Amino acid sequence: MIRKLSILALSLAALAPAFAMDAARSEAKEVIALQNGETLYIFKDGLMAKESKFGNVSHLGKGEVVQTADGKSITTMGNEVARLYVLLNKGHGN
């Protein structure tokens, strides 16, 4: 019985990052893959945030131009670092 509970606990722990990513993706109007492995989140109010290829929130400079994975350029608006940080860490017990 204890072994089954341990397996269940480990399985749920492995799924935690997926749930956090779902929170960020569901809040965003659009999620765009960037050339360098980063991800750009565009929220419903038009403001944006960027996640590094390592899963950390990255700073967006004012009017920074980023390249999408398919070669298009996007000029960023806003720097929603705190908003994305909260969404990515949602459900991690902090």
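Heavy-atom basis, side chains included; hydrogens, waters and symmetry copies ignored. From a predicted model like this one, the values you see are computed outputs, not experimental measurements.
Considering every non-hydrogen atom in both L60 and G78, the closest pair reads CD1-O, 3.7 Å. Taking each heavy atom of A28 and F43 in turn, the nearest pair found is CA-CD2, 3.9 Å. The shortest heavy-atom contact between K90 and A23 is CD-CB, 3.8 Å.
Of the candidates E51, E80, R83, Y41 forms a side-chain hydrogen bond (donor to acceptor under 3.5 Å, both in side chains) with just one, namely E51.
Shown here are the side-chain contact (heavy atoms from CB on, under 4.5 Å) partners of K62, two or more places apart in sequence or in another chain: there are none. Among residues two or more places apart in sequence or in another chain, the salt bridge (Lys or Arg N to Asp or Glu O under 4.0 Å) test is passed with E64 by K50. Taking E27 as the reference, nothing meets the salt bridge (Lys or Arg N to Asp or Glu O under 4.0 Å) condition, with sequence neighbours excluded. Here T75 pairs with V65 under the side-chain contact (heavy atoms from CB on, under 4.5 Å) rule; sequence neighbours left out. Residues satisfying the side-chain contact (heavy atoms from CB on, under 4.5 Å) test with K72, not counting sequence neighbours, are T68, D70. In terms of the side-chain contact (heavy atoms from CB on, under 4.5 Å) criterion, residue partners of V81 (sequence neighbours excluded) are, by chain and number, V57, N79.
In terms of hydrophobic clustering, with Ile, Leu, Val, Met, Phe, Trp and Tyr side chains grouped at heavy-atom distances under 4.5 Å, L88 and Y85 are assigned to a common cluster. Note on I32 and L84: separate hydrophobic clusters, where clusters join Ile, Leu, Val, Met, Phe, Trp and Tyr whose side-chain heavy atoms are under 4.5 Å apart, directly or indirectly. By the criterion of side-chain heavy atoms lying less than 4.5 angstrom apart, applied directly or through intervening Ile, Leu, Val, Met, Phe, Trp or Tyr residues, L34 is grouped together with I74 in one hydrophobic cluster.
If you check the side chains of S52 and E38, you find no donor sitting under 3.5 Å from an acceptor.
For the atom pair K44 NZ and K29 NZ, the distance stands at 10.0 Å (nearest 0.5 Å).
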